[in-house]
Structure formats: C-alpha cells, structure tokens
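Nothing here was measured: the structure is a model prediction, and the numbers come from that model. Only heavy atoms go into these numbers, but all of them, side chains included; no hydrogens, no water, no symmetry mates. Protein chains get the first letters and strands the later ones, always in sequence-line order, with residue 1 at the start of each.
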2 protein chains.
Amino acid sequence: MAAGQGSAAGEAPGQRELPADVRHALEAADARCTRAGAQLTALRRQVLALVLESDQPLGAYALLDKLKAQRPGAAPPTVYRALDFLLEQGLIHKVERLNAFVSCVEAGHDHARHGGHHHPHQFLICRDCGLTVEISDHAVSDAVAEAAAKAGFTAVHATVEIEGRCAGCTAAHQG
Amino acid sequence: MAAGQGSAAGEAPGQRELPADVRHALEAADARCTRAGAQLTALRRQVLALVLESDQPLGAYALLDKLKAQRPGAAPPTVYRALDFLLEQGLIHKVERLNAFVSCVEAGHDHARHGGHHHPHQFLICRDCGLTVEISDHAVSDAVAEAAAKAGFTAVHATVEIEGRCAGCTAAHQG
DNA sequence: TGCGGTAGTGTTACTGTATAACAGATTATT
DNA sequence: AATAATCTGTTATACAGTAACACTACCGCA
C-alpha cells in the first residue's frame, strides 16, 4: 500500500479534529517549510500534531503508538524519519535526558522572534512531576560559547538540560 | 559461581596489572567510598579500572565486552549496576550524547579539589575526531543556576554538552 | 510520452541501550 | 543459626535507533 504525498498541506485520510492552537501552529510550520523549500507532508504533519498536542515530551515509541491509530502500518522508521525532518526544520527539539521530543514553536505563538530554526535553547526538567520547560537564556549560551572558546573549541551546538524541582513541586514539599 | 564481595579493596581473581596512575586512582576511590559508607567491591573496582584505563568515553556494552575477559558470566545488568554505583559516588560521569562513560577523578590527580562528588561539569565533544574533554566552568554553572532560578526551578544537576570542533581539527581543516 | 531523477514512504530485519524480575550468595547483626 | 541488608548471577524483555531494499508519486525534460 502506497503513501501518497500529494496533499501535503491538506487533509490526510483519518484526519482528526485538532485544537485551534495546534491547527494554527501547523499552518505556521507549513508556511515555514515552504519558505525553506521543504515539504510538510501528511505524515510529518501528523507527527508534528502529536507532539504539539502533548504537554510533555514524548518518546519515539509513544509517538509511534499514537500514530498507529491513524496509520496502522506505521513502524519505527516511519516516526524516526518524520522526527528527523522536524528536527532539521527546527520545529521540534529533542530532550536527550528523556530520549523524548517536544515542539519548539509553541502552539499559538509566533515563532518569528527567533528568526528561524536552531536557536540556542535550554531545558528545565522537574524530577518530581516531569514538567519540562524550554527556555532561551542568553547568559547561558554566551557562557557556554566562551567556555568552549577557552578550551580551543568552536561550539556548534550545546545541549543544556537542567534537572531539579519546579516551583510547584517545591511549594508542595514545603507545605 | 558466586561473586564474593569480601576483599573489596583487594585482589580479585583474574586481576590484571594496572598502570600506577590507575592503581592510585582506584585507591583514592576506595578511600572515598569507605568515607561515604559505600563499598567499592571487586566488580565495581574492575569496571572503574576499565573506565580509568580508557582515554575516551566507553559505552556500556564496550565495557561489558572488556569485562567479560575477566568475568566471563558478565551480562548487561552486571555492568549497568556497577555504573550506577560509580555514578552515584561521583567517580564517573555519563556523556549523554554518546551514551558513554568517563572517569571523573582523573587518573593520577588528586580529586580533593572538588571536595567530593557531583561537582558541576561540562563536556566538550569534537564532531570530527570524537575527542571529549571535561571542564568545570563556573561562569557556565552560575549562568545555568541563575536561569533555572529565574524560571522558579531549583537546579540539582545540569547536563551541559557542547558539540563542535576541537583546536586540532580546526587547524587541520584550515591547512 | 515515456524516461530518469528525486523525494517520500512501506516493510523487514537488525543493532544498540537499558531495565525488570527472580534466584543465589555473602556479610554483618542479632 | 536466623535474619536482614547488600551484592551478584541469570534470564528475559522493553525501549531506542538504524540499515537496506522495494515501491510509489511527482517533476522536469528530451
């Protein structure tokens, strides 16, 4: 059974109803891909939608399970290829400590602030509740670049993932 | 065949000759464990020695292969349990991007400078030659702690892994 | 209009990374 | 000895990621 990549920006068979903010983010992602000369195909769109819908990082196999509801024949390469594409386009980020993926363009936000993909970013991960927040702190990325330079390294990318306790869990444990 | 955790600091069957700096680091690690109320058993000592001997990060299964020479029945849990212990004691660090482990107390160095385990550290990883260097940059760790605090997080640990190109490879590519 | 190139997906099989669960063994303590 | 705590052996399995090849759709073009 073949795929059909035709209606890239459009309605895949088995399309579900999506929240307005997710639909909006998908449209923005689509426009961005088009600008970059890339295609946000139905499959990639479905995977991105799954990541956007989730409020926390999703592993590749969790995504695969969800994807199978819409696309029964899906296998690991199906989801990994889509994830690779979305990573390249800067539409999602990977949380290394969790082997999981989060959307980069926050649903409902305009991502134009960062002028495109691959901006420096950091993750904050709560050990208690699993809450994962992405930030983009210039003091951190500057310090990282400088530390690398000091050691003779030319920094290309930095993985910064901070584990600790979020405000909510800190409050809960003090009460 | 049973293990025998008795002579923790001593001679395991099948003990190999080790460089003096490794032996010295092992003794320091042993003392440190004792102080912490933990036991550096023969198995853990063997795994630590393997990590100390290597000049680059080693994956768990690479360690397992090496370990099998001394301990034929070794299986994944054998090495993972030892690694977990060594990580807890701050004797090794994990490089998340490589799924690999490096010794924290550099062989031949006195580790007293850091006053114990779990000091903030960062990795520099060369994409070309794989060279991995551990640094301990206060500007980075301070910026990280502050960024976390700004978001209401209490930072416990930060994974900072900087990918790029080392001085040697930069020079080689310019020639 | 049929050819060939590119891109995307389906499919099978596999390698690599990590852990669960239970059994046996050792040591310290009672 | 009995007990508990800790460590290790052992089997099996879950989770993460990739290789390789087949097939389809689209595009440009002679």
- Task: Assign each of B/G59 and A/A74 to its nearest nucleotide of DNA chain C by heavy atoms, then name whichever residue's nucleotide is nearer the 5' end.
- Result: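 The 5'-side residue here is A/A74.
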- Task: Any chance you could measure A/L86, atom CG, to A/I92, atom CD1, to the nearest 0.5 Å?
- Result: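 Rounded to the nearest 0.5 Å, the CG-CD1 separation comes to 4.5 Å.
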Which nucleotide in the set [options] lies at the smallest distance from any side-chain heavy atom of [X]?
X     : options                : answer
A/Y61 : C/dG8, D/dA16, D/dT6   : D/dA16
B/N99 : D/dG17, C/dT17, C/dT9  : C/dT17
B/L43 : D/dT8, D/dG17, C/dA18  : D/dT8
B/A60 : C/dG10, D/dG17, C/dA18 : C/dA18

[X] [atom1] to [N] [atom2]: how many Å, rounded?
X      : N      : atom1 : atom2 : result
B/Q70  : D/dT8  : CD    : C1'   : 16 Å
B/L67  : D/dG9  : CG    : P     : 9 Å
B/Q46  : D/dC7  : CD    : P     : 16 Å
A/L64  : C/dT12 : CG    : P     : 14 Å
B/F101 : C/dA18 : CZ    : C1'   : 9 Å

- Message: Could you work out how much the helix from C/dT1-D/dA30 to C/dT30-D/dA1 bends, comparing the axis of its first five pairs with that of its last five, to 10°?
- Response: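 One end's axis against the other's: 10°.
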- Item | Non-hydrogen atoms of A/L48 and A/A29 that approach each other most closely |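 Distance-wise, the nearest heavy atoms are CD2-CB, 3.7 Å.
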- Quick one: do the A/R71 and A/Q46 side chains pair a donor with an acceptor below 3.5 Å?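 Checked: A/R71/A/Q46 side chains pair up, N/O donor to acceptor below 3.5 Å.
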- Query: Are A/H121 and A/D137 close enough that a side-chain donor and a side-chain acceptor fall under 3.5 Å?
  - Reply: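 Checked: A/H121/A/D137 side chains show no N/O donor-acceptor pair below 3.5 Å.
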- Query: Are A/H118 and A/H93 an aromatic pair by the rule of ring centers under 6.0 Å?
  - Reply: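 No, the ring of A/H118 stays outside the 6.0 Å limit from the ring of A/H93, centre to centre.
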Side-chain heavy atoms of [X] within contact of [Y], under 4.5 Å:
X      : Y      : value
B/P76  : B/L64  : yes
A/L124 : A/T132 : no
B/V144 : A/Q122 : no

- Task: Respond yes when some side-chain nitrogen or oxygen of A/K68 is under 4.0 Å from OP1 or OP2 of C/dG10, and no when none is.
- Result: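 For C/dG10, OP1/OP2 do not have a side-chain N/O of A/K68 under 4.0 Å.
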- In chain order, what residues pass the side chain to side chain donor-acceptor pair (under 3.5 Å) check against B/E96, with sequence neighbours excluded?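 Residues passing side chain to side chain donor-acceptor pair (under 3.5 Å) with B/E96: A/R97.
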- Message: If you take any heavy atom closer than 4.0 Å to DNA chain C, which residues from residues 75-86 of chain B end up in contact?
- Response: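 Within this stretch, B/P76, B/P77, B/Y80, B/R81 sit under 4.0 Å of the strand.
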